[in-house]
Amino acid sequence: MNSDTSSSRPGSRQEQAEATRALLLRTAERLYAERGLAQVSNRQIVEAAGQANNSALTYHFGTRADVIRAIALAHAEPIGRRLRRRVEATRGSADPREHIACLVLPHTEHLAELGVPSWYARFAAQVATDPALDSGVRADPLLVPYVEESLAAVWALAPDLPPAEVALRTQAARLAIIHTCAQQERVAAGTGVPADWAFVGEALTDAVTGLLLAPRLR
C-alpha cells in the first residue's frame, strides 16, 4: 500500500510541475505580447499566474532570455513541421511565389490554430524589436535550414540584385510578415472576431512576392 502510494507521488509532482511550467509560459507570453518585453518583470508574471513562490519562473526556466526562448520554441516546433512539409513539396519549383509561401503560410496556419485570443504574433513582434533576442530566436535550428533553402530558391529565380539589396529586401519581407500578423492578432483580440488567417496568408504571400521580386528602377 505504502509502496504504491509513494510510487504514484513522483508522477503527480511531475505533472504538477509541468502544469505550472505551462501556465507560467502562457502567462509570460500574454504579458509580453500585451505590454512589451521591457515592461514585464518576472515577479509580475509569477503573480499573474497565481503562483506564491516569487522565484517560480527562475526555478522552471532560468533567466528572462531563457523564458523568451522557451516561448519561441513552443511555437517553432509546430511551425517548423509545416515549414518542412512545404519546403519538401516545393523543391524544384520554378515559381518563386511557391517558395515565398513557405515563408508565410506556416506562420498564418499556426496562428489560425491558436484561436482567439492568441498572443504569439504580438510576442514575435516584440522580440523582433530587440536585436539581441531576435537574433537568438531566428537562429532556431528547427527553422533555419528550411528558411534558408526557401530564400535561396527565391533569389535563384529573382532578378539579379546586389547582395546589400538582397539582404535589405529579405529583412523588409520578414518584418512585413511579423508585424502584419501582429496587427491582425491585435484586432482579433480586441474584437473577439477571429482573423481570416487564410486570407492574410495569401495576401501576405502576394505582397512579399512583389517586395522581393520587384525590378530595380534605376
Side-chain angles (χ1 to χ4, degrees), residues 6 8-81 106-144 147 171 174-195 197 200:
S6 62
S8 67
R9 283 175 183 166
S12 298
R13 286 197 296 270
Q14 182 177 354
E15 289 173 2
Q16 185 176 9
E18 289 174 354
T20 299
R21 179 183 170 91
L23 174 61
L24 286 167
L25 210 61
R26 287 196 305 272
T27 304
E29 181 179 352
R30 174 175 61 82
L31 293 181
Y32 286 146
E34 293 177 343
R35 303 180 188 177
L37 300 177
Q39 306 304 316
V40 178
S41 68
N42 285 5
R43 185 184 185 91
Q44 287 172 323
I45 294 168
V46 169
E47 290 177 351
Q51 300 299 303
N53 184 352
N54 289 332
S55 63
L57 201 66
T58 302
Y59 172 79
H60 284 282
F61 296 101
T63 67
R64 173 175 170 274
D66 292 328
V67 175
I68 291 168
R69 290 190 192 97
I71 296 170
L73 178 61
H75 293 281
E77 289 177 343
I79 292 170
R81 288 193 294 270
H107 295 274
T108 54
E109 290 168 355
H110 176 63
L111 288 164
E113 282 200 343
L114 296 179
V116 177
S118 64
W119 300 278
Y120 172 62
R122 287 170 289 167
F123 163 80
Q126 294 288 347
V127 172
T129 65
D130 187 319
L133 291 171
D134 186 38
S135 61
V137 170
R138 277 190 291 166
D140 194 303
L142 294 170
L143 305 178
V144 167
V147 170
Q171 180 187 40
R174 179 173 176 273
L175 292 176
I177 295 167
I178 289 172
H179 290 289
T180 299
C181 288
Q183 178 60 20
Q184 293 296 314
E185 184 184 72
R186 187 176 295 109
V187 171
T191 63
V193 178
W197 289 113
V200 173

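Everything quoted here is computed from the prediction, not taken from an experiment. Side chains are part of it too, since the values below use all heavy atoms of this structure and drop only hydrogens, waters and symmetry mates.
Separating the CG atom in Leu73 from the CD1 atom in Ile68 is a distance of 14.0 Å, to the nearest 0.5 Å. Put simply, CG on Leu114 and CD on Glu109 are 12.0 Å apart, with the number rounded to the nearest 0.5 Å. We find the CD-NE2 distance between Gln184 and His179 to be 14.0 Å, quoted to the nearest 0.5 Å. Note: Thr180 OG1 to His107 NE2 = 12.5 Å, rounded to the nearest 0.5 Å. The CG atom of Leu37 sits 6.5 Å away from the CG atom of Asp130 when rounded to the nearest 0.5 Å.
Listed by first and then second residue, the ring pair (Phe, Tyr, Trp, His ring centres under 6.0 Å) pairs that reach into residues 53-75 are His75-His110, His75-Tyr120, sequence neighbours excluded. The salt bridge (charged side-chain N to carboxylate O under 4.0 Å, His left out) pairs that include a residue from residues 117-126 are Arg122-Glu185, where partners are two or more places apart or lie in different chains. Within the structure, salt bridge (charged side-chain N to carboxylate O under 4.0 Å, His left out) contacts touching residues 46-65 (residues at least two apart or in different chains) are Arg43-Glu47.
A side-chain N or O of Gln183 and one of Arg186 form a donor-acceptor pair less than 3.5 Å apart.
Between Glu29 and Trp119, the closest heavy-atom pair is OE2-C, 3.6 Å. Counting all heavy atoms, side chain and backbone alike, Gln126 lies closest to Ala33 at NE2-O, 4.0 Å. In terms of heavy atoms, Pro106 sits closest to Ile79 at CB-O, 3.9 Å. The two residues Ala182 and Ala125 come nearest to each other via the heavy atoms CB-CB, 3.7 Å. Taking each heavy atom of Leu57 and Leu24 in turn, the nearest pair found is CD1-CB, 3.9 Å. Shown here for Cys181 and Trp197, the closest heavy-atom pair between the two residues is O-CH2, 3.4 Å.
Judged as a side-chain hydrogen bond (donor to acceptor under 3.5 Å, both in side chains), and not counting sequence neighbours, Thr27 has no contacts. Qualifying side chain to side chain contact (heavy atoms under 4.5 Å, CB included) partners for Arg35, counting only residues two or more places apart in sequence or in other chains: Leu31, Gln39, Val40, Gln44. Partners of Ala22 by side chain to side chain contact (heavy atoms under 4.5 Å, CB included), not counting sequence neighbours, listed by chain and number: Arg26.
Two residues are said to be in side-chain contact when any heavy atoms from C-beta on lie closer than 4.5 Å; Arg69 and Asp66 meet this criterion. Side-chain contact between Ile45 and Tyr32: present, with at least one pair of heavy atoms (C-beta onward) separated by less than 4.5 Å.
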